[in-house]
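Letters A, B, ... are given to chains in the order of the sequence lines, protein chains preceding strands, and every chain is numbered from 1.
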There are 2 protein chains.
Amino acid sequence: MPDIKHFDPDTALDTVVRLFWRQGVAATGIQDVVTATGLNRSSLYATFGGKQDLYLAALRRYVETHSAPAFQSLAEDGRGLPAVAAFFAGLIEVRCSGPYARWGCMVVNAHAGAENGDAEVRRVLDAHHHRLREALLAALRTARTRGQLSPKTDLDAAAELLAVLAYGVNLRSRAGADPADLRRTVSAALASLGAEPA
Amino acid sequence: MPDIKHFDPDTALDTVVRLFWRQGVAATGIQDVVTATGLNRSSLYATFGGKQDLYLAALRRYVETHSAPAFQSLAEDGRGLPAVAAFFAGLIEVRCSGPYARWGCMVVNAHAGAENGDAEVRRVLDAHHHRLREALLAALRTARTRGQLSPKTDLDAAAELLAVLAYGVNLRSRAGADPADLRRTVSAALASLGAEPA
DNA sequence: AGCATCCTGAAACGAGGGTTCCAAGATACG
DNA sequence: CGTATCTTGGAACCCTCGTTTCAGGATGCT
């Protein structure tokens, strides 16, 4: 029977994710991938296909390993508005400090590049947006049952608002925005949703 | 005395703006610029320098010809919240229909690419953010004096919130977001700022 | 052990990247 | 009209890009 792979594709893909996430697709050459992963071109192409396929695989893996867990925590957190606040607090922390500081969100970055012309990439973007919206909506529904929201708040519109706000936070963080500013911004948004009449 | 340029640098730069705006820097080759402008390489390099200089010049021109006028209208509009609403309405219109539909905002796009590593690009990004924030702040101040805002609203935080929201709108528009959704989102944000106690 | 099967390494490919160079053309002055 | 000065056209530069190819090595079955 055949020989077997001498490496772990998922581990290699994680390395590729970090490359594309930080530098973008266009600025990352196959040579960079080869150097970073330690694989050679043959194994790369045999396992993942060409560059575009590799990017798509990396983007999907990013969503599953980075976005999805945060969305799930948000949706399953039973606290309502505090859950949303915690979600954004964690987001800002990851974006502004630690190993991924100033990398932004790979999905958000994909919106701006030429890679969004690809139909499959576009689908990943839309799916990501939908999942984020749903997680926020779940938290807002909890908030409503707990009486944390102004009665006039439209839940769907508020969820979309917070989702779009998250995109903006991700984007600005990549340009070096002050995390304190971002926190203040999110606080203002949450306060306006929960604002009870004086 | 010398020969004189056989073309108008500003006109050419406008063409370059459209290229970089739509496709991004990385996906646009010098050959594309040559073809689109009708100039040849010699004139290009003699007038603008290399590709990075050209991109920087295009980015600055984008800010002056596309962003700044909108910011100024917003800041000088005396209506308060309706001025902010009109700003976002115009933004969504330009982003989702007409000749620039689905191009997003060139400055927002620059946040996500590798081009933001350049210090001069970063400065343009920060300046753009500052000007947007100031224009929104001016409109919000007017809104306050007109009694259109909830008394608890922090003007600075609200301006930053709306600025970040605008980034998100620009970003999502590039991925094909439904303009009706975007309008609803903006309405929710403005409503939450102006929400008077029931 | 032999063999079919797959994986690995490294070189090579053609295409296109950004940039430079120089001869030829166009201009405005003396 | 001649000349100095700049612009223009187009070819050429070298380098890196993504991709392919193929000989050699490793594996697991009979």
Side-chain angles (χ1 to χ4, degrees), chain A residues 1-60 110 113-121, chain B residues 1-59 109-110 113-121:
Chain A
M1 285 285 185
D3 192 358
I4 227 167
K5 276 189 205 321
H6 299 181
F7 65 96
D8 176 25
D10 277 342
T11 303
L13 198 50
D14 282 330
T15 302
V16 177
V17 165
R18 284 190 291 270
L19 277 180
F20 284 154
W21 182 5
R22 177 159 47 99
Q23 317 175 12
V25 209
T28 305
I30 292 291
Q31 182 57 47
D32 297 328
V33 175
V34 168
T35 303
T37 60
L39 314 185
N40 50 21
R41 291 171 158 73
S42 302
S43 304
L44 260 181
Y45 278 84
T47 308
F48 300 107
K51 190 187 186 184
Q52 187 67 15
D53 307 288
L54 181 59
Y55 173 69
L56 204 57
L59 188 63
R60 287 200 243 255
E115 54 263 31
N116 98 8
D118 183 296
E120 306 216 45
V121 171
Chain B
M1 284 279 188
D3 193 358
I4 229 167
K5 276 189 201 328
H6 299 182
F7 65 97
D8 176 25
D10 278 343
T11 304
L13 198 50
D14 282 331
T15 302
V16 177
V17 165
R18 285 191 291 270
L19 278 180
F20 285 152
W21 182 6
R22 178 159 46 99
Q23 318 174 9
V25 208
T28 305
I30 292 291
Q31 182 57 48
D32 296 329
V33 176
V34 168
T35 303
T37 60
L39 314 186
N40 51 17
R41 291 171 159 73
S42 303
S43 304
L44 259 181
Y45 278 85
T47 308
F48 300 106
K51 190 188 186 184
Q52 187 67 15
D53 307 287
L54 181 59
Y55 173 69
L56 205 58
L59 188 62
N109 297 346
E115 54 263 34
N116 97 8
D118 183 295
E120 305 217 45
V121 170

Protein-nucleotide distance ([X], atom [atom1]; [N], atom [atom2]), rounded to Å:
| X | N | atom1 | atom2 | result |
| --- | --- | --- | --- | --- |
| A:K5 | D:dG28 | NZ | C1' | 16 Å |
| B:D3 | C:dA26 | CG | P | 9 Å |
| B:Q31 | C:dA15 | CD | C1' | 13 Å |
| A:H6 | C:dC7 | NE2 | C1' | 6 Å |

Using side-chain heavy atoms (C-beta onward) and a distance below 4.5 Å, is [X] in contact with [Y]?
| X | Y | result |
| --- | --- | --- |
| A:V33 | A:K51 | no |
| B:F7 | B:T47 | yes |
| B:L13 | B:T37 | no |

Fill in: Stepwise side-chain hydrogen bond (donor to acceptor under 3.5 Å, both in side chains) check, B:N40 with B:S43
CA-CA 6 Å; B:N40 51 17; B:S43 304; 2.9 Å; yes

Item to complete: Enumerate the residues from residues 39-57 of chain A whose closest heavy atom to DNA chain C is under 4.0 Å, giving them by residue number; use none for an empty result.
Response: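 Residues of residues 39-57 of chain A that come under 4.0 Å of DNA chain C are, in numerical order, A:N40, A:R41, A:S42, A:S43.
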
Worksheet item: Which one, D:dC17, D:dC6, C:dT19, comes nearest to the side chain of B:I30?
Response: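 Nearest to the side chain of B:I30 among the choices is C:dT19.
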
Discussion item. Let me spell it out: for each of B:I4 and B:G29, pick the nucleotide of DNA chain C with the closest heavy atom. Which residue's pick is nearer the 5' end?
Written reply: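 Between the two, 5'-proximity favours B:G29.
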
Item to complete: Could you tell me which non-hydrogen atom of B:V16 sits nearest to which non-hydrogen atom of B:L54, and how far apart they are?
Response: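 That closest heavy-atom pairing would be CG1-CG, 3.9 Å.
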
Practice prompt. Identify the heavy atoms of A:F48 and A:P9 that sit nearest to each other, and give their distance.
Written response: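 A:F48 and A:P9 have their closest heavy atoms at CZ-O, 3.7 Å.
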
